[in-house]
Enquirer: 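One structure, pasted below without further comment.
When a ligand or atom number is given, it counts from 1 through the structure's own listing order.
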Amino acid sequence: YWVVDKTVENPGAYPQLAEAAQLLKEKQTVAFPTETVYGLGADATSDEAVDKIFKAKGRPSDNPLIVHIAEEKQLEELAEEIPETAKVLMKAFWPGPLTLVVKVKKGALSEKVTAGLDTVGIRMPRHPVALALIRMSGLPIAAPSANRSGKPSPTLARHVREDLAGKIAGIVDGGETGVGVESTVLDVTAEVPVILRPGGVTKEQLEERIGKVRLDPGLKGTGAGTRPKAPGMKYTHYAPDAPVYLVDGSTAFMQRMIDAHREKGEVTGAIVTEETSGIVRADVVAVCGRRASLETVAHHLYDTLRSFDAQKVDVIFSEIFPREGIGRAIMNRLEKAAGHRYVKEEDVQ
Ligand code: TXA
Ligand code: MG
């Protein structure tokens, strides 16, 4: 695979990028960095190319892909209509971690991209390598996260290699990604736009620009019986091999939970923050960031979740975070990693 400096200012200086773009034109799959996570790209207009994405990831075919563009005029070629709210948001957040779900123009894309829906999710990534690659390919690029379906999304080229080596044509290594969780998926076809997946652009940021935004009721978690509107949100996801429990309570309570499992002879893991890393004792303690800066938690979250698989732990306990700002995306991914399993201090006392 190719290593490209993520500060690339002059893509012409990177023959690797030209090579990667050529592979995309030849309907091959290439992984590349974005500001959120690594994506696995292919020509979004070609059934043959898009099929290779689903095969490499082991992804269910009813889960549509996000299409990545580098110029706003590409959107006009792909979208049947562009609502006013979408225009405001594009101006504010593109390039950036916001995917807009709009009505798709018939025949503009492979139907495998949209999984038969009449809408398509489109975004313009902020990463210079991603933008350069898309521009050089001259194509709209379908790109889901470049992980095996069900695993945490990749934030390092190494993660892509762990999951997909031998199954894809190439990886462009641009170092660590930035935000660390995926883009916000926003349906702008409804009167009041709906967040289908919380992500890099927060609900608060969106509402500052366009007023009221709703959260898809299907995101609320277990039991409610509502189906998430983003097909991908219904699958188990982001899960380490060992079961994850979210700890709703004090650090002392978390320690009691860990100790109880250690006494049974289990190898325990803990996801903690810098603020608690000196206090919590477990066999494997992973620091996912600083509680005082949730952006750092988002940035390290997937690498933290992945780190346990190499350590052979039996059970993982994780701190939880306030559901505001980027915390909404963090908690959405943690709940999926944990299959919504919580241990609550108030229940145990
Ligand atoms: O940050 C990101 O968005 C990354 C990077 C690579 O750009 N990509 C990404 O793609 O996360 P993926 O395929 O892993 O997730 C796409 C999500 C899924 O939950 C999918 O169901 C939803 O977006 N989605 C895509 N098109 C949709 C549509 N037309 N309607 C509703 N949900 C859609
Ligand atoms: Mg994904």
Side-chain angles (χ1 to χ4, degrees), residues 29-42 44 50 53-54 56-70 78-80 93-104 109-127 129-131 133-134 140-155 159-160 163-164 172 174 177-190 193-201 216 218-219 227-239 298 302 329 332-333 336-337:
T29 52
V30 172
F32 61 93
T34 80
E35 79 281 24
T36 58
V37 299
Y38 275 77
L40 181 61
V50 172
I53 292 180
F54 283 96
K57 280 184 58 87
R59 182 177 175 110
S61 61
D62 69 345
N63 190 3
L65 307 179
I66 292 172
V67 176
H68 296 63
I69 59 175
L78 305 177
E80 186 59 47
F93 299 109
W94 278 11
L98 176 66
T99 296
L100 298 171
V101 172
V102 295
K103 287 253 175 309
V104 65
L109 293 164
S110 160
E111 284 188 10
K112 292 178 188 252
V113 168
T114 53
L117 299 175
D118 59 359
T119 55
V120 59
I122 301 180
R123 86 176 191 99
M124 187 187 292
R126 192 166 59 208
H127 199 295
V129 172
L131 285 172
L133 183 63
I134 297 164
I141 298 296
S145 49
N147 51 295
R148 280 290 292 176
S149 218
K151 284 280 144 197
S153 298
T155 53
H159 299 155
V160 181
D163 280 16
L164 301 177
V172 180
T177 58
V179 182
V181 294
E182 299 88 338
S183 64
T184 302
V185 178
L186 184 74
D187 182 353
V188 287
T189 65
V194 185
I195 295 176
L196 306 183
R197 177 179 72 181
V201 174
D216 179 10
L219 289 174
R227 243 175 102 96
K229 221 185 139 202
M233 296 310 280
K234 70 177 181 284
Y235 296 106
T236 329
H237 233 111
Y238 314 115
Y302 291 147
N332 171 265
R333 308 308 194 272
K336 287 169 76 61

Enquirer: Looking at Thr119, which atoms of ligand 1 are within less than 4.0 Å of one of its heavy atoms?
Expert: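 Selected atoms, number and element: 28 (C), 29 (N), 30 (N).
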Enquirer: Give, for atom CG of Leu100 and atom CG of Leu186, the distance between the pair rounded to the nearest 0.5 Å.
Expert: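 Leu100 atom CG to Leu186 atom CG measures 6.0 Å (nearest 0.5 Å).
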Enquirer: Rounded to the nearest 0.5 Å, what separates atom CE in Met124 from atom CD1 in Ile69?
Expert: 4.5 Å
Enquirer: Under 4.0 Å from a heavy atom of Glu182: give me the atoms of ligand 1 that qualify, with their elements.
Expert: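 The list of qualifying atoms is 1 (O), 2 (C), 11 (O).
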Enquirer: Has the side chain of Tyr302 got a donor or acceptor atom that lies under 3.5 Å from a matching backbone atom of Lys151?
Expert: no
Enquirer: Taking atom types as modelled, is there a side-chain donor on Arg333 or Ser153 under 3.5 Å from an acceptor on the other?
Expert: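 No, no side-chain donor-acceptor pair sits under 3.5 Å.
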Enquirer: Among protein heavy atoms, which lies nearest atom 19 (O) of ligand 1, and at what distance?
Expert: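 Closest protein heavy atom to atom 19 (O) of ligand 1: Gly232 CA, 3.4 Å.
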Enquirer: Please round to the nearest 0.5 Å and tell me the distance separating atom CG of Leu98 and atom CD1 of Ile195.
Expert: 9.0 Å
Enquirer: Report yes if Arg59 has an N/O atom closer than 3.5 Å to an N/O atom of ligand 1; otherwise report no.
Expert: yes
Enquirer: Between OG1 of Thr29 and CG of Leu40, what distance do you get to the nearest 0.5 Å?
Expert: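 Atom-to-atom, Thr29:OG1 and Leu40:CG are 5.0 Å apart.
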Enquirer: At a 4.0 Å threshold, what atoms of ligand 1 neighbour a non-hydrogen atom of Asn63?
Expert: 18 (C), 20 (C), 21 (O)
Enquirer: Is there any N or O on Thr34 that sits under 3.5 Å from an N or O of ligand 1?
Expert: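 The answer is no, given that Thr34 and ligand 1 share no N or O pair closer than 3.5 Å.
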Enquirer: Considering only non-hydrogen protein atoms, determine which one is nearest to atom 22 (C) of ligand 1 and report residue, atom name and distance to 0.1 Å.
Expert: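 The closest heavy atom on the protein side is Ala230 CB, 3.9 Å.
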Enquirer: Enumerate the atoms of ligand 1 whose separation from the nearest heavy atom of Ser183 is less than 4.0 angstrom.
Expert: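 Counting from 1, the qualifying ligand atoms are 1 (O), 2 (C), 3 (O).
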Enquirer: For the pair Lys336 (side chain) and Ala239 (backbone), establish whether a donor and an acceptor sit closer than 3.5 Å, ignoring hydrogens and angles.
Expert: no
Enquirer: Taking only heavy atoms of His68, which atoms of ligand 1 are found under 4.0 Å from at least one of them?
Expert: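 Listed by number with element, the hits are 5 (C), 6 (C), 7 (O).
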Enquirer: State the atoms of ligand 1, each with its element, that fall below the 4.0 Å cut-off from a heavy-atom position in Ile66.
Expert: 3 (O), 9 (C), 10 (O), 16 (C)
Enquirer: If you measure every N or O of Arg197 against every N or O of ligand 1, does any of those distances drop under 3.5 Å?
Expert: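 Such a contact does occur with ligand 1.
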Enquirer: In terms of atom number and element, which parts of ligand 1 are under 4.0 angstrom from non-hydrogen atoms of Gly39?
Expert: 6 (C)
Enquirer: Can you find an N/O atom of Ser145 closer than 3.5 Å to an N/O atom of ligand 1?
Expert: yes
Enquirer: Could you tell me whether the Mg ion (ligand 2) has an N, O or S atom of Ser145 under 2.8 Å away?
Expert: yes
Enquirer: If we ignore hydrogens and angles and just use 3.5 Å, is the side chain of Arg59 paired with the main-chain N or O of Pro64 as donor and acceptor?
Expert: yes
Enquirer: Atom CG in Asn332, atom CD in Glu182: separation rounded to 0.5 Å?
Expert: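 These two atoms lie 9.0 Å from each other.
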Enquirer: With rounding to the nearest 0.5 angstrom, report the CD1 to CG distance, Ile53 to Leu164.
Expert: 11.0 Å
Enquirer: Of the choices Pro64, Gly121, Pro144, which has the non-hydrogen atom that lies closest to atom 33 (C) of ligand 1?
Expert: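 Among Pro64, Gly121, Pro144, the closest heavy atom to atom 33 (C) of ligand 1 belongs to Pro64.
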Enquirer: Does Pro125 have a heavy atom less than 4.0 Å from any atom of ligand 1?
Expert: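 Distance cut 4.0 Å: Pro125 fails for ligand 1.
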Enquirer: Does Ala143 reach ligand 1, in the sense of a heavy atom lying below 4.0 Å from it?
Expert: yes
Enquirer: With distance as the sole criterion, is a donor-acceptor pair present between the side chains of Thr36 and Ser183 under 3.5 Å?
Expert: no
Enquirer: Determine, using heavy atoms of Leu196 and all atoms of ligand 1, whether some pair is separated by less than 4.0 Å.
Expert: yes
Enquirer: Hey, which atoms in ligand 1 end up nearer than 4.0 Å to a heavy atom of Val185?
Expert: 23 (O)
Enquirer: Judged by atom type as modelled, is there a donor-acceptor pair below 3.5 Å linking the side chain of Arg148 to the main-chain atoms of Ala56?
Expert: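 The answer is yes, because a donor-acceptor pair under 3.5 Å joins these two groups.
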